[in-house]
Chemist: 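Starting off with a structure, shown below.
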2 protein chains.
Amino acid sequence: MDIVQQIRDKGLKATPARQLVYGELTRSHMAFSHAELEALFIDMDRVTLYRILKDFEDAGLVHKVFDTQGSTRFAICHHTCPGKHHAENHVHFNCNDCGKMFCLQAVQTPEINIPGGFKVAGMHTLIYGSCEKCNHQSETNFPVNKTDELIE
Amino acid sequence: MDIVQQIRDKGLKATPARQLVYGELTRSHMAFSHAELEALFIDMDRVTLYRILKDFEDAGLVHKVFDTQGSTRFAICHHTCPGKHHAENHVHFNCNDCGKMFCLQAVQTPEINIPGGFKVAGMHTLIYGSCEKCNHQSETNFPVNKTDELIE
DNA sequence: TAAGTAAATGCAACAATGTTGCGTTTAAGA
DNA sequence: TCTTAAACGCAACATTGTTGCATTTACTTA
């Protein structure tokens, strides 16, 4: 299904700005910060971008996550989220070196038991370390080749 | 060991403000936001509080965590952290109702395997739901008694 | 216990991130 | 193509955190 239709299906108008943002997010498994998107779409108004991300989140198109620095990031919802209540039951990986954040769709958040009177509703799992690209670069210590660009 | 000595042992001067902050943090297993501490110590300068928390973090006295809203919180390091590198291998619980955040010292972060070329350095586990107090209040629906104040 | 000094504080100013109000423009259905 | 609610662009504001600098204070040592 095309991008325009996916946006419209959520009751949102498929404006050019929204198509750009949604397109970028769907094309990768990355969680983007506002700053990253702003740098990508330099003509886009700052406030408009904030509102697009908020609207997408409310519509269940993207989910909001926080990286190891506490910065807000947005990533596409691959498993359709029912409205504002995001399942978001997968794990995120944050690279300490390049700062990029990956959605590991395939990895579910683990089960965990906690003591005390806590009623558990869900959990966030954020793994950090080195992503493949950075990892590889630091080991080999010479410029990586073009194929590495395809990893993400 | 007393608070003054613990602060001095990290090479920091045990000023009144630092004693107040460190005292509050040690007395509970809670992770405090800057705003919560500011409300607690109304005469304390905003910037001073920021610097105290930063100094404590650098010294390994407290660790920084982020709650489900992405807000920064600080909690005491119960297992002595070597300088800036915090072990912080325990789980945190964030109450959706009262917003408070608890350090579950007894619960270690689970083991997890992830695919791809990621090199894992560590992980953050944040569980959310209802804390005992809020949980209990919503069930009973009448004012809780004084003993509930002791739960934390 | 007084003096010297590096560290900590308080204040003002600034920076980054996010929100709100409002007038203008535009997507999409009639 | 017309209409209109939704989205946008801009300015202003709010919150959170940082930096520079002059003043004060905790701790050392004499």
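Residue numbering restarts at 1 for every chain, and letters A, B, ... go by the order of the sequence lines.
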Chemist: Determine, using ring centers only, whether B:Tyr128 and A:His124 are less than 6.0 Å apart.
Modeler: yes

Chemist: Output side-chain donor-acceptor pairs under 3.5 Å for residues 33-44 of chain A, partner residues at least two apart or in another chain, one line each.
Modeler:
unit_1	atom_1	unit_2	atom_2	d
A:Ser33	OG	A:Glu36	N	3.1
A:His34	ND1	A:Glu38	OE1	3.1
A:His34	NE2	A:Arg46	O	3.4
A:Glu36	OE1	A:Ser33	N	3.1
A:Glu36	OE1	A:Arg73	NH1	3.1
A:Glu36	OE2	A:Arg73	NH1	3.3
A:Glu36	OE2	A:Arg73	NH2	3.3

Chemist: Taking any atom closer than 4.0 angstrom to a non-hydrogen atom of chain A, what span of DNA chain C does the protein reach, first nucleotide to last?
Modeler: C:dT17 to C:dA28

Chemist: Backbone N or O of A:Leu12 within a donor-acceptor pair of the A:Asp55 side chain at under 3.5 Å?
Modeler: no

Chemist: Within residues 37-50 of chain A, which residues have any heavy atom lying less than 4.0 Å from an atom of DNA chain C?
Modeler: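 Residues of residues 37-50 of chain A that come under 4.0 Å of DNA chain C are, in numerical order, A:Arg46, A:Val47, A:Tyr50.
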
Chemist: Is any side-chain heavy atom of B:Tyr22 closer than 4.5 Å to one of B:Ile76?
Modeler: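 Side chain of B:Ile76 against side chain of B:Tyr22, heavy atoms only: contact under 4.5 Å found.
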
Chemist: List, by chain and number, the other hydrophobic cluster members for A:Leu126, where Ile, Leu, Val, Met, Phe, Trp and Tyr join if side-chain heavy atoms come within less than 4.5 Å, directly or indirectly.
Modeler: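 Under the 4.5 Å side-chain rule, A:Leu126 groups with A:Val65, A:Met101.
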
Chemist: First and last nucleotide of DNA chain D touching chain B, 5' to 3', heavy-atom cut-off 4.0 Å?
Modeler: D:dT16 to D:dC27

Chemist: In terms of relative ring orientation, are A:Phe118 and B:Phe93 parallel, tilted or perpendicular, with 30° and 60° separating the classes?
Modeler: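 It falls in the tilted class, 30° to 60°.
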
Chemist: Look at the side chain of A:Arg18 and the backbone N and O of A:Lys13, then say whether any donor-acceptor pair between them is shorter than 3.5 Å.
Modeler: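 A pair under 3.5 Å: yes.
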
Chemist: Do B:Arg27 and B:Glu24 meet the salt-bridge criterion of a basic N to acidic O distance under 4.0 Å?
Modeler: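 Between B:Arg27 and B:Glu24 there is a salt bridge, with a charged N closer than 4.0 Å to a carboxylate O.
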
Chemist: Less than 3.5 Å apart, any donor N or O on the side chain of A:Asn89 or A:Thr109 sitting next to an acceptor on the other?
Modeler: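 No, because no side-chain N or O of A:Asn89 sits under 3.5 Å from a partner of the opposite role on A:Thr109.
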
Chemist: On DNA chain D, check which nucleotide each of B:Arg8 and B:Arg51 is closest to and give me the residue with the more 5' one.
Modeler: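 Going by which nucleotide is closer to the 5' end, it is B:Arg51.
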
Chemist: If you count every heavy atom of other residues, nucleotides or ligands that lies below 6.0 Å from B:Asn113 atom CG, does the total exceed 12?
Modeler: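 Atom CG in B:Asn113 is not crowded, with 12 or fewer foreign heavy atoms closer than 6.0 Å.
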
Chemist: For the rings on A:His90 and A:His63, is their centre-to-centre separation under 6.0 Å?
Modeler: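 Yes.
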
Chemist: For A:Ser71, which contact category applies under a 4.0 Å heavy-atom criterion: base, sugar-phosphate, or nothing?
Modeler: nothing

Chemist: Name every residue in residues 11-22 of chain A that has at least one heavy atom under 4.0 Å from any atom of DNA chain D, in order of residue number, or write none if there are no such residues.
Modeler: A:Leu12, A:Lys13, A:Thr15, A:Ala17, A:Arg18

Chemist: Linking I/L/V/M/F/W/Y whenever any side-chain heavy atoms sit under 4.5 Å apart, do A:Met30 and A:Leu25 land together?
Modeler: yes

Chemist: Would you say that A:Lys64 contacts A:Thr72 through its side chain, given a criterion of any heavy-atom pair below 4.5 Å between the two side chains?
Modeler: yes

